[in-house]
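Single-structure report; data block below.
Quick note on labels: first sequence line is chain A, next is B, and so on, each numbered from 1. Being a predicted model, the structure only gives us computed values, none of them experimental.
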Protein chains: 2
Amino acid sequence: MRTGVKSIRALARGLEVFKAVVKRRDASLQQLYEDTGLAKPTLLRMLKTLEEGGLARRSLGDNRYRVSSGARLFFLPPSDADLIAERAAPLMDALCREVLWPSDLGVYSDGAIQIIESSRYQTPFPVNRHLMGYTVHVLMSAMGRAHLAFSPPAVVREIIERLRQSDDPYDWGARDPAKIMRSLAAIRSAGYAVREPGYGGWVRPGQGDAIAVPVLQGRRVLACLSLSWPADAATVKQIVSRHLGQLKATAAEIAAKVAAERDVGS
Amino acid sequence: MRTGVKSIRALARGLEVFKAVVKRRDASLQQLYEDTGLAKPTLLRMLKTLEEGGLARRSLGDNRYRVSSGARLFFLPPSDADLIAERAAPLMDALCREVLWPSDLGVYSDGAIQIIESSRYQTPFPVNRHLMGYTVHVLMSAMGRAHLAFSPPAVVREIIERLRQSDDPYDWGARDPAKIMRSLAAIRSAGYAVREPGYGGWVRPGQGDAIAVPVLQGRRVLACLSLSWPADAATVKQIVSRHLGQLKATAAEIAAKVAAERDVGS
DNA sequence: TGCCGTCGTTTCACCTGGTGTAACCTCATC
DNA sequence: GATGAGGTTACACCAGGTGAAACGACGGCA
């Protein structure tokens, strides 16, 4: 993105003040003055603005500033997927710079894999963009197969059971569990998943190909990270030998970042 | 307070942008442009700033802005007391302007009444300030007695039981429940509580006096609202005849505001 | 009661920094 | 490859953000 946009000092400082109020649950002007180093008139104006914006309030009784309870309305608790996507984004960006091919991040949700982040914008190659929020099929896509292969048996059973009831032809593979189990074993020993041959028509200017690895937290698959490229540019073997290591490393970094975040939250 | 402080436009607009992003869970620049009416370069700069401040992020995959999950760190869930205090403050301010004597707002917590808001700053008379956060005794203070008198019997029993185990001499009245019950009945029929004679030494330049009424939500006492004045300025009878109506009306308004807020939250 | 120190508020003049128009670039669609 | 929509950059104007300094309110102390 290489954005040369300048930021707005007045706003940045206002946010600093807000954070300072949050940090102390209540704060006097003097304390904020000491904490932030801003001039008192400046603080007064900013706190007035925060107050009018519904983020802070000033108590009558002690003239101290507090976080407005109305502020809770602005902060709907973020989903796990949001958190993972946010931690993953810079790492995926870095990966894309090294590898040049784009990668996607997906989570299992409701019988499908949902794309929650993607670096397709970052690559100069004509792969399909507009993928965010779309879903791909568990049994057909590289990410779905990686998710299954590295999930505990109980989770796998549950997902398969769910897919048996699906009307979608792409999910009908769930009716032959034995076959699925064989592929999953192969994926586990290889360390990565490819998509079911013939699936993935969504890369338009020629067939695309993809591999996927899991983002693991203990035994749980948090998400899956894929790498895509036009099929005519390289074979799976070539890509694996060149980039599988980087892909796995990125997945591990994502897991580590999310884990670090979890600790803070508790 | 009558504050002549000016607010900061850049900050106010930045908060608007943030709210706009919150409103749509994710938003393109174009959408924010339409929603806020701000120029796009302005939006870019503000969003950049929000991003750096950890409140927003821009997804790689679709270039859309979302609320950062890091914003969660700023958000400590506000307590009920905070919410009540915030709703009550402007009403207490108004009351104080009419009546000229200050009022306090308290909630029962852990065997005592905690002062969570106060309009003592607003009154020109030399009553004790610095009350926020202090606690007063349930059986002795006007607010504590109002709390008990208008609470359901089960709650009253629980509180009395708690106070029996207190070391504080001011709580020893709990050892004669029958006497307490008689006072509570009297308070209920009068519609307001006064403090136990002799209690309330904390109004310094001469004894102070106070009456208190409950802020009711259904059968629950959310908080208690008191009105204080120097004992030599007026008798309880005079104050009751002049101001009890206003005090009760204010308590009812507080209850209504909090109830309205609750509905939004659900 | 008067003095003093602390903390909050107001004033005001400087000039930085926020602002929007206009031009430009990128990408998707047909 | 033309068209249009959405996103970004450049630039020049001047509103508006800024902090020093003065002022005011309050509490503590003796």
Side-chain angles (χ1 to χ4, degrees), chain A residues 1-17 26-51 58-65 102 118 120-132 202-205, chain B residues 1-17 26-51 58-65 102 118 120-132 202-205:
Chain A
M1 278 293 100
R2 196 76 51 241
T3 169
V5 177
K6 188 63 197 127
S7 58
I8 295 175
R9 194 177 63 134
L11 178 52
R13 293 167 139 210
L15 298 179
E16 281 313 306
V17 173
D26 54 280
S28 66
L29 186 68
Q30 178 68 15
Q31 289 175 324
L32 293 172
Y33 171 70
E34 289 159 9
D35 290 358
T36 63
L38 298 175
K40 285 183 186 177
T42 302
L43 286 169
L44 236 29
R45 286 183 290 254
M46 289 181 160
L47 289 161
K48 175 90 181 309
T49 311
L50 290 173
E51 222 174 323
R58 187 168 206 179
S59 296
L60 292 171
D62 57 5
N63 251 343
R64 297 180 132 251
Y65 295 92
S118 162
R120 285 170 189 246
Y121 257 99
Q122 272 58 46
T123 183
F125 297 98
V127 290
N128 196 7
R129 284 132 163 95
H130 307 260
L131 210 38
M132 296 275 304
W202 38 267
V203 174
R204 266 183 313 143
Chain B
M1 280 291 99
R2 197 73 50 241
T3 171
V5 177
K6 187 63 197 128
S7 57
I8 295 175
R9 193 178 64 134
L11 177 53
R13 292 168 140 210
L15 297 179
E16 281 312 306
V17 173
D26 53 279
S28 66
L29 186 67
Q30 178 67 17
Q31 289 176 324
L32 293 172
Y33 170 71
E34 289 159 8
D35 289 358
T36 64
L38 298 174
K40 285 183 186 176
T42 302
L43 287 169
L44 278 175
R45 286 184 290 254
M46 289 181 162
L47 290 161
K48 175 89 181 312
T49 310
L50 291 173
E51 221 173 326
R58 187 168 206 176
S59 297
L60 292 171
D62 57 4
N63 252 341
R64 297 181 134 248
Y65 295 92
S118 161
R120 284 171 190 245
Y121 258 98
Q122 271 58 47
T123 181
F125 298 99
V127 290
N128 197 4
R129 283 130 163 96
H130 308 259
L131 210 38
M132 295 274 304
W202 39 268
V203 173
R204 268 182 313 145

Using whole Å, report how far [atom1] of [X] lies from [atom2] of [N].
X     : N      : atom1 : atom2 : result
B:K6  : C:dT11 : NZ    : C1'   : 16 Å
B:Y33 : C:dT19 : OH    : P     : 15 Å
B:L50 : C:dG18 : CG    : P     : 13 Å
B:L29 : C:dG20 : CG    : P     : 13 Å
A:K48 : C:dG8  : NZ    : C1'   : 15 Å
B:I8  : D:dA15 : CD1   : P     : 18 Å
B:L47 : D:dG6  : CG    : P     : 16 Å
A:Q30 : C:dC7  : CD    : C1'   : 6 Å

Quiz item: In residues 38-45 of chain B, what residues come within less than 4.0 Å of DNA chain C, judged by heavy atoms?
Solution: B:A39, B:P41, B:T42, B:R45

Exercise. Give a yes/no on whether any side-chain N or O of B:R13 is located under 4.0 angstrom from OP1 or OP2 of D:dA15.
Key: no

Side chain of [X]: nearest nucleotide among [options]?
X     : options               : answer
A:R9  : D:dG17, D:dG7, D:dT18 : D:dT18
B:M46 : C:dT19, C:dT9, C:dG17 : C:dT19
B:A10 : C:dT19, D:dG7, C:dG8  : C:dT19

Exercise. Take A:S7 and A:Q31, find for each the nucleotide of DNA chain C with the closest heavy atom, and name the residue whose nucleotide sits nearer the 5' end.
Key: A:Q31

Quiz prompt | First encountered from the 5' end of DNA chain C, between A:E34 and A:L11 | solution = A:E34

Side-chain donor-acceptor pairs of residues 35-45 of chain A under 3.5 Å, sequence neighbours excluded:
residue: A:D35; atom: OD1; partner: A:R24; partner atom: NH2; Å: 3.3
residue: A:D35; atom: OD2; partner: A:R24; partner atom: NE; Å: 2.6
residue: A:T36; atom: OG1; partner: A:L32; partner atom: O; Å: 2.7
residue: A:T36; atom: OG1; partner: A:L38; partner atom: N; Å: 3.2
residue: A:K40; atom: NZ; partner: A:Q30; partner atom: OE1; Å: 2.8

Quiz item: If you measure from NZ on A:K48 to CD1 on B:I8, what distance do you get to the nearest 0.5 Å?
Solution: 10.5 Å

Quiz prompt | Gap between atom CZ of A:R58 and atom CG of A:D26 - 0.5 Å precision | solution = 12.5 Å

Short heteroatom pairs, N/O only, protein and nucleotides 23-25 of chain C, under 3.5 Å:
none

Self-check item: End axis versus end axis in the helix from C:dT1-D:dA30 to C:dC30-D:dG1, the angle rounded to 10°, five pairs used at each terminus
Solution: 50°

Practice problem: List for me each residue that meets side chain to side chain donor-acceptor pair (under 3.5 Å) alongside B:R13, sequence neighbours excluded, and say none if there are none. | Solution: none

Self-check item: B:L29 and B:N63, any side-chain heavy atoms less than 4.5 Å apart
Solution: no

Exercise. List the atom of B:L15, the atom of A:T49, and the distance in Å for their closest heavy-atom pair.
Key: CD1-O, 4.2 Å

Quiz item: For B:E16, what residues pass the salt bridge (Lys or Arg N to Asp or Glu O under 4.0 Å) criterion, not counting sequence neighbours?
Solution: B:K19

